[in-house]
Structure formats: structure tokens, C-alpha cells
2 protein chains.
Amino acid sequence: MTITQLKYVLSVAEYKNFTIAAEHSFVTQPTLSMQIQKLEDHLGVLIFNRSKKPIELTDVGLKIVEQAKVIVNESNRIVDIVHQHKGFVGGEFKLGIIPTVMPTLLPMFLNNFTKKYPKVKLIIEEITTEEIIKKLSDNHLDAGLAATPLENEMIKEMPLYYEPFVGLIPKEHRLFHKKEIESSELEMEDILLLEDGHCFKDSVINLCRTYNTDNNRGFKLESGSFDTLIKLSKEGLGMTLLPYLHTLDLSEIDKKLLRDFTSPQPAREISLIYHKSQLKMQLVEALKNSIDGVIRGAISFSDVKIISPLQKKAN
Amino acid sequence: MTITQLKYVLSVAEYKNFTIAAEHSFVTQPTLSMQIQKLEDHLGVLIFNRSKKPIELTDVGLKIVEQAKVIVNESNRIVDIVHQHKGFVGGEFKLGIIPTVMPTLLPMFLNNFTKKYPKVKLIIEEITTEEIIKKLSDNHLDAGLAATPLENEMIKEMPLYYEPFVGLIPKEHRLFHKKEIESSELEMEDILLLEDGHCFKDSVINLCRTYNTDNNRGFKLESGSFDTLIKLSKEGLGMTLLPYLHTLDLSEIDKKLLRDFTSPQPAREISLIYHKSQLKMQLVEALKNSIDGVIRGAISFSDVKIISPLQKKAN
DNA sequence: TAGTTTTTATTGATAGTTTTTATTAAGTTT
DNA sequence: AAACTTAATAAAAACTATCAATAAAAACTA
């Protein structure tokens, strides 16, 4: 039994297809077929049920695959140990970022990070939280940036910052003439929200507890961008909440519609997330340090309203 | 990086000598040397410091060895998974048994076990508790039978039975004329005990708490057998405690010196112990079931009557 | 210090394996 | 039934692990 054989098994288990699995393993299909046969012979069991299309795992196959994942992960860790010892921070690092964080956070740390760690080849992908979770589990991503908490057993979270929401109130709205809004004044019925990241831990105002996605407003919002939200809001379909960093590039006219919240402000928690197996942890730590650095210094977080939630949480 | 290479590394780490490690790995020394060099080249670090005699691990080497142990253990588990699936209970099973348990317990379960699991090649070794612990940690034993608790992080315990101690009181002793002894009457100063297994969990009379090995009796006992203890006791050097099963083959004359304890009796806990990695668990479970079967329900330390099935079998 | 022993590294031959290309077989789809 | 997918098989080529023999280095010895 070799680690290579186990990797081939994992590849077939993932793609349910020998040919595709072979491509992803950078070998030809017969190579992969033979090695898997050899392993099956050695163990005296069939791992795959080849009669089903697409190929299925046998009962033992399922258990073997789970154990193979453990073994392959643990062997990858050897390289981590060596890198850590050499103080080497490098290699490929695949990072997934949710769309609503990408444009604001990426420009802030990318330069800083690539300068500090020139040996790292950052591969960044803009994908949804759900896909990040899936890809972290499959080892197709090394880490992700998303709104937390996720409450997923497989995934560890490293909170980076808390980004307060600012209200965007259309002219006709009942709260338009207020200078500041209190959370208690919010009527969940007339707020437009993205699914993305409005659930929080206890210490922050938790919008998702009161926010009902099955509202009786007559339409359901599936948009992934705040731009759509802003337009809908200005059409008079209700107020909305924008993450603070997204309000910075609004037009002067639109900025007039913004209303801050009184403390405690609603906010979203943005975290660096990674698989519980904690592979490539030096890289994850390096990324966290880079982001921490820019958040503390580079951005104008002199603003009291942003600093306060940050300070609350920063232990 | 291959599992074979990692096994070679573990072997050298254990024996601190390439030649001996090679023998234990059933390959020639150049083979082993080359494979370790290849791994070191691949990782770009030295695992061993060959200039020191005996060979030492480097700093990274130490961490690599720890991780290699994990990987090798986890890969052994694949075979376990297959065996479990096939319902196959077989292969080599190396069991260490402490001297004071060996003669009483082994004859009771050995026949039963080998008949029930003919495919298992039991390799039994009579060794001390300390050596069992060491060999379990090195993977040179699959399980052990010893008096517990051991309070060792690495080792899991599966209690099998509680064996009460019976007092052996020489004629001159102050307690000789008592029919039964109460634990409270014991004077630790005049009891001869083996180091072996007189420590207990809370629920049992705990002799080791009060028993001071640095006694001021003028001699220190290092014997490993109860026979010596009996002789010393009859010489008038003090009373002693014998595990119940050991009292069965005393001569009729010696049996006259025995005194039972009133409830709660002092007793020793005998457990099946194994490494926390839980390899070959089907075999461990099989062994436990066999022993349980012979003992027919756990022996309660507080009730002499429950011991009767043991007595039946032993006679 | 020179000789002896012990231990690890090196070399070259060989057996064994992995991988590849090309082909066949089996099963689907059109 | 032809066209297409997909996995298994065969044979050749590339590669690797292993061994025996030996060299080199280090540690004793006398």
C-alpha cells in the first residue's frame, strides 16, 4: 500500500470516473486503474462498484476512502513541518473569498501580502460561502474569507474584523428624517438584506434571528450584490443595510441617504476560515497577520463607530 | 515520500543505528540508508545527525518522526477496516502479561480463545507492567494484561475483573486468631506487598495510598513472585496479601493461614490495556469477549460469592 | 600512532514496479 | 446497428528499490 495509491483512490472517489480522476492526478487512466486494482488485490476487497454508472463506492470503500483522507492529510503535514522549520512561507495557497468581501478587503492586503511573502503563489477565487465550505472539505481550497459564524464542524474560524452595517434609507422611508437609527427601530418587514453574512454571535446585534427570509413582501431577493440592493432600495422597496466599507464609494447623492446606527451597531463578522485538519497553517497565519496589519494601520479605522466593535471583539 | 521510507525512519529513530534498523526492517543497510537519504533530499532537511554516536535526531527530525508515527499508524488502520468488514479476526496478536496474572488467567482463556479464533496467532510474553507500557508505545505489543489503573496518557484500559486479596497471616501474627480481617485493622508496617497492582480507583480499598515503600523495616522487597512473599511471611517477617486466585493452589497447611477480609475487601483491578491509537481493536475486543466469557460476568470486588464461577473453573 | 572493529555511504548489477501507448471489451447513446 | 464513452488489458519503456560487494569514515585498542 502506497500513499500514491491512496491518492488515486481519493481522486476516483471524488470524480466518480477513472479517466477524469487520472487527468487530475496527472497520470494516464491505465496507470490509475492498475494501481487501484493492485490496492484492491492487496486488501482483498473491492473499493469501487464499477458496474454502477457513475461509479459508486462499496461499503468498505467508503470507510477506506475516509481513512485514506486521514492518511493523505497527515502525510501532507510532513511538508508543513519542514516548511515551518525552515521558516519558509511559500508554495501555492488557494484562497476563496465571498463576493461581498472581495472588492473591499482584497485590495487592502494583496499588495502587502505578496511583498511580504514573495514565495507564495496566491490563487484567489471569488465564490460563495457554500462553495468555500465544500472546497475546503475537498482540499480544493486552503482557506477562505467569509462572514461567520458558520457553525460547521469541519471548519475552523479565525475572526479578522467586525464590519458595522450602515442603513441606506430611501427618501420616502419613515426613518429618513432620523440622524441615527437604533437597532430597536428596525422593522424587519421593510429591510432588504443579502443572505450573505448577517448572522452573528451573541455579542453583536443578531439580525438573522429576527429576519425571516420567507417574508410576505411578494418578492424574494436572490441577488448577490449590494448594487442591486441599493437600486431596489432607492426604488422605494424598503431600506437596506450596507457593510461600512461598501458605503465609501457611493456617490455624494447616495451618501445623503446613509444613516449610522447608535451603539450597539449591527455588524458582520469576517473571518479567515480553514479546514480543521489545519494544513498549511503557517500560510494561514501569515495571511491573518497581513490582514491584521492593514486593518490596524492602512485603513482609516480612526472612525469611532468602526473601532468600537473591533475593540470589543479583539482579545 | 512513501510509507516505506517513513517506516525506515521510525526504525532508525528507534534503534539509533542504521544497521540494526535495517535488520529489523528486513532489508540491507544500504537499502535503508538510501531510502532515508532520498527522503531527506526530497524534504531538503536532515532527519538524523549522523555525526553523533549513537545517531541522534535533528530538531526537525524529531517532529518528522512524531508525524511519521501518526501516518504509519493511520495506514495500518486500513487493514483493520478491511478485517472488520470481512468479519475476519486473525493475524498476529502480541500480548504482554504481568507475571502475577499469567499463571492464573492464561489457562482460563487460552483454550477458549484459540478455538474461537483459530486464525489468530497469539504471541504471549510474560513481562512487567513497565515493559508492557514501553512496548505498547513502541508498537511492539498489541495489548497487555496488567493491574490498573496505570494513569498513563498513551494507554487505554479495559477493566476485566476485580480480584480480592486474601490475608496470609503467620502464626505469630497479632491477627492470626481473627476469623476475618477488617481493612482498618491493617498495619501497613507489617505487610509484605509486591509493587505489582495494589493501587486502585476510589471504589476499592486503596492500599498504595497508605503503603510506604520506604518502610523502616530494615529490608526492601524486590521480589516479583508471591512464592517468595509467602516464604518470607511464614518466616515471621509479617503478614501478606495474596490475590484470591493464587490462594487456590496452596498446601492444606498453608491454607490454614488464610484469612478473608470483611467487605469492602481490598482487591486488584486487572485490565486489558492497549495503545490509545486503538489499532487491531477487533482483536482486542475478541480477547476481551473471550476472557469475559470465561469469567462469566464481571467479578465484583465487594461480593465473595460472585467469585464462585472463577473457583469452579480453577478447580 | 597504526591497526582493528564498527558503522555508514557508494557503486553497479538486477529484479521488480510503475507508467505509457495502443488496443480491446463492455456498456451507453444516438 | 453505428458512434461514442469508459474501464480493462497487453506489451514496451522508464524508472526504482534492492542487494552484494566495497569504500570511507569514525570509534576503539593496543
Side-chain angles (χ1 to χ4, degrees), chain A residues 1-62 64-65 68 71-72 75 78-79, chain B residues 1-62 64-65 68 71-72 75 78-79:
Chain A
M1 189 178 72
T2 67
I3 296 171
T4 311
Q5 286 171 344
L6 297 177
K7 283 182 182 168
Y8 292 164
V9 167
L10 290 187
S11 196
V12 176
E14 184 177 351
Y15 298 108
K16 312 287 181 205
N17 176 310
F18 278 67
T19 314
I20 296 169
E23 278 166 22
H24 283 268
S25 306
F26 308 105
V27 289
T28 57
Q29 168 265 312
T31 299
L32 186 134
S33 287
M34 288 276 265
Q35 287 307 314
I36 287 179
Q37 272 182 44
K38 270 192 64 176
L39 181 60
E40 286 179 328
D41 284 358
H42 170 72
L43 296 176
V45 289
L46 285 178
I47 298 171
F48 298 103
N49 179 352
R50 294 153 170 85
S51 66
K52 293 272 183 68
K53 303 280 150 144
I55 277 171
E56 277 180 12
L57 281 164
T58 61
D59 289 350
V60 227
L62 206 70
I64 290 173
V65 163
I71 297 167
V72 171
S75 37
I78 293 260
V79 182
Chain B
M1 188 178 73
T2 68
I3 296 171
T4 312
Q5 287 171 344
L6 297 177
K7 283 182 181 166
Y8 291 165
V9 167
L10 290 186
S11 196
V12 175
E14 185 178 353
Y15 298 107
K16 312 285 181 203
N17 176 308
F18 279 66
T19 314
I20 296 168
E23 278 166 22
H24 284 267
S25 306
F26 309 106
V27 290
T28 57
Q29 168 266 314
T31 300
L32 184 136
S33 287
M34 284 212 76
Q35 287 307 314
I36 287 180
Q37 272 181 41
K38 269 191 63 176
L39 181 60
E40 287 179 326
D41 284 357
H42 170 73
L43 296 176
V45 288
L46 284 178
I47 298 170
F48 298 103
N49 179 352
R50 293 151 170 88
S51 67
K52 293 271 182 69
K53 301 283 147 149
I55 276 171
E56 277 180 11
L57 281 163
T58 61
D59 290 351
V60 226
L62 205 72
I64 290 173
V65 163
I71 297 166
V72 171
S75 36
I78 293 262
V79 182

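First the proteins, then the strands, lettered A, B, ... as listed; each starts at 1.
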Can a side chain N or O of A:Arg50 be found less than 4.0 Å away from OP1 or OP2 on D:dT6?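 Result: no.
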Does OP1 or OP2 of C:dT21 have a side-chain N or O of A:Gln29 closer than 4.0 Å?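 So the side chain of A:Gln29 is outside the cut-off, no N or O lying under 4.0 Å from OP1 or OP2 of C:dT21.
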Using atom [atom1] of [X] as one end and atom [atom2] of [N] as the other, report the distance to the nearest whole Å.
X: B:Phe48; N: C:dT7; atom1: CZ; atom2: C1'; answer: 15 Å
X: B:His42; N: D:dT16; atom1: NE2; atom2: P; answer: 13 Å
X: A:Leu32; N: D:dA7; atom1: CG; atom2: P; answer: 9 Å
X: A:Asp41; N: D:dT9; atom1: CG; atom2: P; answer: 10 Å
X: B:Ile36; N: C:dT8; atom1: CD1; atom2: P; answer: 10 Å
X: B:Leu46; N: C:dA9; atom1: CG; atom2: C1'; answer: 14 Å
X: A:Glu40; N: D:dA8; atom1: CD; atom2: C1'; answer: 12 Å
X: B:Ile55; N: C:dT7; atom1: CD1; atom2: P; answer: 10 Å

Counting only pairs under 3.5 Å, give me each side-chain donor-acceptor contact of residues 43-51 of chain A, with atom names and distances, residues two or more places apart or in other chains.
from    : atom 1 : to      : atom 2 : distance (Å)
A:Asn49 : OD1    : A:Ser51 : N      : 3.1
A:Asn49 : OD1    : A:Ser51 : OG     : 2.7
A:Arg50 : NH1    : A:Glu40 : OE1    : 3.2
A:Arg50 : NH1    : A:Glu40 : OE2    : 3.1
A:Arg50 : NH1    : A:Phe48 : O      : 3.4
A:Arg50 : NH2    : A:Glu40 : OE1    : 3.0

Can you list, pair by pair, the side-chain donor-acceptor contacts under 3.5 Å of residues 23-30 of chain B, counting residues two or more places apart and other chains?
from    : atom 1 : to      : atom 2 : distance (Å)
B:His24 : ND1    : B:Tyr15 : OH     : 3.0
B:Ser25 : OG     : B:Ser11 : OG     : 3.3
B:Ser25 : OG     : B:Ala21 : O      : 2.9
B:Thr28 : OG1    : B:Thr31 : OG1    : 2.9
B:Gln29 : NE2    : B:Ser33 : OG     : 3.0

Is B:Val9 close to B:Gln35 at the side-chain level, that is, under 4.5 Å between some pair of heavy atoms?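 Sidechains of B:Val9 and B:Gln35: no contact.
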Contact between A:Leu62 and A:Leu57 at the side-chain level, heavy atoms closer than 4.5 Å - yes or no?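 Yes, their side chains come closer than 4.5 Å.
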Close residues, residues 16-27 of chain A, relative to DNA chain D [heavy-atom separation under 4.0 Å]: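 Heavy-atom cutoff 4.0 Å gives A:Asn17, A:Phe18, A:Thr19.
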A:Met1: which residues meet the side-chain contact (heavy atoms from CB on, under 4.5 Å) condition with it, sequence neighbours left out?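 With sequence neighbours excluded, A:Met1 shows a side-chain contact (heavy atoms from CB on, under 4.5 Å) to A:Gln5, A:Leu6, A:Leu39, A:His42, B:Ile3, B:Ser75, B:Ile78, given in chain and number order.
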Report which part of the nucleic acid B:Ser33 touches: base, sugar-phosphate, or nothing (heavy-atom distance under 4.0 Å, all strands).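 Answer is sugar-phosphate: B:Ser33 comes under 4.0 Å of backbone atoms only.
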Work out which heavy atom in A:Ala68 is nearest to a heavy atom in A:Leu10; give both atom names and the distance.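 Scanning both residues completely, I find the closest heavy atoms to be CB-CD2, 3.8 Å.
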Least distance between heavy atoms, A:Phe18 atom then A:Ile36 atom: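 Heavy-atom minimum between the residues: CE2-CD1, 4.2 Å.
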Under a 3.5 Å cut-off for both contacts, is [N] paired Watson-Crick or G-U wobble with anything, and if yes, with which nucleotide?
N: C:dG12; value: D:dC19
N: D:dT9; value: C:dA22
N: D:dA27; value: C:dT4

Taking protein heavy atoms under 4.0 Å as touching, what does nucleotides 12-18 of chain C look like 5' to 3' if B marks base contact, S marks sugar-phosphate-only contact and - marks none? -----SS
Collect all protein-nucleotide pairs involving nucleotides 25-27 of chain D in which both atoms are nitrogen or oxygen and the distance is under 3.5 Å.
none

Could you state the interatomic distance from CD1 (A:Ile64) to CD1 (A:Ile71), rounded to the nearest 0.5 Å?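 Atom-to-atom, A:Ile64:CD1 and A:Ile71:CD1 are 10.0 Å apart.
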